[in-house]
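Please read the structure below before turning to the comments.
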Amino acid sequence: MAAVELTASPQAPHQRLDQHVLTDVLWACAEPADRPEHVTVLAGDGRADLVLYSLADSERAAGAAALQGVMRALATSPMLSGWTAREIPLDMTGGFGPTDPPGTEGNTRP
């Protein structure tokens, strides 16, 4: 599993992506070697948070594959022109990481 944050270009800081279309773009840019399993997208003004699940053999491999797929989407999709991506460490996602208090696993950020 990997978490990635997309940020809009400074020229269009309030641009909002359609999360369904973005999900389709990410799937279209995925390659079999990425071993994608599931994509979750939460889009807001000037930002989109992605959680990508992979069948990769390790967390590091899953993160690398997810980021490569996102970078392919940024390079090929006109709707993502000017957007940037950064991987979010899993322990900072407020519910996706292994540091969750017992009983709160899988909660999402407010």
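In this text, all values refer to a predicted model and were calculated from it rather than measured experimentally.
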Just wondering, do V70 and L26 contact through their side chains at under 4.5 Å, heavy atoms?
yes
Identify whether L67 and W83 are in the same connected component of the hydrophobic contact network (ILVMFWY, side-chain heavy atoms under 4.5 Å).
yes
Linking I/L/V/M/F/W/Y whenever their side-chain heavy atoms sit closer than 4.5 Å, directly or via other members, would V39 and L22 fall into one cluster?
yes
So do the side chains of E37 and L55 get within less than 4.5 Å of each other, counting heavy atoms only?
yes
same_hphob_cluster(L74, V51) at 4.5 Å side-chain heavy-atom cutoff
no
Heavy-atom side-chain contact between L52 and M1 under 4.5 Å
no
Between R47 (side chain only) and T7 (backbone N and O only), is there a donor and an acceptor less than 3.5 Å apart?
no
Separation between CD (E31) and CD (Q68), nearest 0.5 Å, reads 8.5 Å
Tell me, do D57 and R35 make a side-chain contact under 4.5 Å, heavy atoms counted?
yes
For E59, I'd like to know if atom CD has over 12 heavy atoms of other residues, nucleotides or ligands within 6.0 Å.
no
Of all heavy-atom pairs linking A56 and A62, the shortest is CB-N, 3.6 Å
Following the transitive rule for hydrophobic clusters with a side-chain heavy-atom cut-off under 4.5 Å over Ile, Leu, Val, Met, Phe, Trp and Tyr, establish whether L6 and L42 coincide in one cluster.
no
Between the main-chain N or O of D34 and the side-chain N or O of S54, is there a donor-acceptor pair closer than 3.5 Å?
yes
Do the non-hydrogen side-chain atoms of L80 and L17 ever get within less than 4.5 Å of each other?
yes
Check for me, please, whether W27 and V25 land in the same ILVMFWY cluster - side-chain distances under 4.5 Å, paths through other members count.
yes
Is the side chain of T76 donor-acceptor paired with the backbone N or O of R72 at a distance under 3.5 Å, no angle test?
yes
